[in-house]
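The basis for the numbers below is simple: all heavy atoms, side chains too, and nothing from hydrogens, waters or symmetry mates. Whatever order the structure lists ligands and atoms in, that order sets their numbers, starting from 1.
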Amino acid sequence: MPKVIVANYKMNGSKKLYATIVKKINKLKVMDTRIVLCPPFVYLDEFRLKNRSVSLGCQDITNEDNSKSTGQISPSMLLEFRVKYVIVGHSERRKLGEKDEQINEKVKICLNNGLLPIICVGEEKKSDKLDSVLLQVEQALKSTPKDTSPIIAYEPVWAIGTGKLPEVARINRMSKKIRDKIRDLGYQNCVVLYGGSVNKDNFKEIISSEIDGLLLGGVSLRIDEFIEIVKGIDNE
Ligand code: 13P
């Protein structure tokens with residue numbers, strides 16, 4: 001299965017920066033890697049992607065089927081901009097008050113409209129029990145069709161933007177627990193990504209673990225380093 005690399009640009013960037021990124025990404029040649037770029041909504045139209053290995057994603061979606069919803073973004077708007085993937089339940093949104101129930105609504109809105117949710121889960125503190133993460137997985141997927149292949153991004157909150165990385169054994173343990181959980185819930189298959197403080201110096205040890213790809217934050221803005229990581233993984 002091709003590895004998946006997702007860039008979450010968060011609330012960063014500018015038209016100028018994204019023009020540079022898109023130019024370089026459109027020239028990038030990869031054999032067996034899928035790349036997903038998730039800019040802020042207002043920059044989606046800057047991402048005229050001409051590379052078959054690269055898809056467009058975004059960082060959130062509405063949880064309501066209701067047009068009277070100031071500030072929200074609907075699935076049909078995203079589809080009009082060729083968005084395929086949506087990051088859902090990122091810890092930085094959970095911190096703003098997003099609850100499992102709303103995350104589940106967002107996952108369902110994605111799936112009902114042909115969008116693929118990238119569901120973020122992760123423990124707050126290193127000392128937290130890993131089983132709390134499985135509860136997040138279960139809640140996010142509640143009442144979703146079993147013939148889908150969920151994409152789960154394991155992002156320990158304590159590892160996001162801190163330079164602290166879990167041991168590979170912990171990532172493997174969590175990845176296995178998530179896969180077992182997904183199977184127990186009745187889904188055939190799933191994709192498990194890891195995110196949190198990945199950079200050009202540590203990606204190799206992480207990608208050697210049992211995960212299917214990476215969700216990158218800060219490093220995705222440094223396009224040359226991002227490309228170095230993509231090529232390093234593609235050549236594995
Ligand atoms: P960093 O790679 O900056 O730690 O962020 C990870 C992340 O939150 C991706 O969604």
Below the 3.5 angstrom mark, is there an N/O of Thr162, backbone or side chain, next to an N/O of ligand 1?
no
Any heavy atom of Leu215 closer to ligand 1 than 4.0 angstrom?
yes
Could you tell me whether some N/O pair between Leu216 and ligand 1 is separated by less than 3.5 angstrom?
no
Correct closest heavy-atom pair for Tyr194 and Pro156 would be CE1-CD, 3.6 Å
Among all residues two or more places apart in sequence or in another chain, which pass the ring pair (Phe, Tyr, Trp, His ring centres under 6.0 Å) test with Tyr18?
Tyr9, Tyr43, Phe47
When you compare ligand 1 with Glu92, is there at least one nitrogen or oxygen pair between them that comes in under 3.5 angstrom?
no
Proximity to ligand 1 by part of Asn8, non-hydrogen separation under 4.0 Å
side chain
As a test of understanding, state which of Lys10, Arg94, Lys106 forms a salt bridge (charged side-chain N to carboxylate O under 4.0 Å, His left out) with Asp60.
Lys106
Polar proximity ligand 1 side, Gly161 side, N/O cut 3.5 Å exclusive
yes
Between CE on residue Met1 and CG on residue Asn189, distance to nearest 0.5 Å
7.0 Å
Result block: side-chain N/O donor-acceptor pairs under 3.5 angstrom for residues 220-234, not counting sequence neighbours:
| unit_1 | atom_1 | unit_2 | atom_2 | d |
| --- | --- | --- | --- | --- |
| Ser220 | OG | Leu216 | O | 3.3 |
| Ser220 | OG | Gly217 | O | 2.4 |
| Arg222 | NE | Glu225 | OE1 | 2.9 |
| Asp224 | OD1 | Lys24 | NZ | 2.9 |
| Glu225 | OE2 | Lys200 | N | 3.2 |
| Asp234 | OD1 | Met31 | N | 3.2 |
| Asp234 | OD1 | Asp32 | N | 2.7 |
| Asp234 | OD1 | Thr33 | N | 3.4 |
| Asp234 | OD1 | Thr33 | OG1 | 2.6 |
| Asp234 | OD2 | Met31 | N | 2.7 |

Atom 7 (C) of ligand 1: nearest protein contact (heavy atom, Å):
Glu155 OE2, 3.0 Å
Looking at atom 3 (O) of ligand 1, what's its closest protein heavy atom, distance included?
Gly218 N, 2.9 Å
Give a yes or no on whether Gln72 atom CD has more than 12 heavy-atom contacts from other residues, nucleotides or ligands under 6.0 Å away.
yes
Using a strict 4.0 Å cut-off to heavy atoms of Gly196, name the atoms of ligand 1 that fall inside it.
4 (O), 6 (C)
Please check if the number of heavy atoms outside Asp65 that lie under 6.0 Å from its CG is greater than 12.
no
Number the atoms of ligand 1 from 1 as they appear, then name those within less than 4.0 Å of a heavy atom of Lys10, with their elements.
5 (O), 6 (C), 7 (C), 8 (O)
Any idea which atoms of ligand 1 are less than 4.0 Å away from a heavy-atom of His90?
7 (C), 8 (O), 9 (C), 10 (O)
Any side-chain donor paired with an acceptor under 3.5 Å for Glu210 and Ser175?
no
Please report which non-hydrogen protein atom sits nearest to atom 2 (O) of ligand 1, along with the residue it belongs to and the distance in Å to one decimal place.
Gly217 N, 3.0 Å
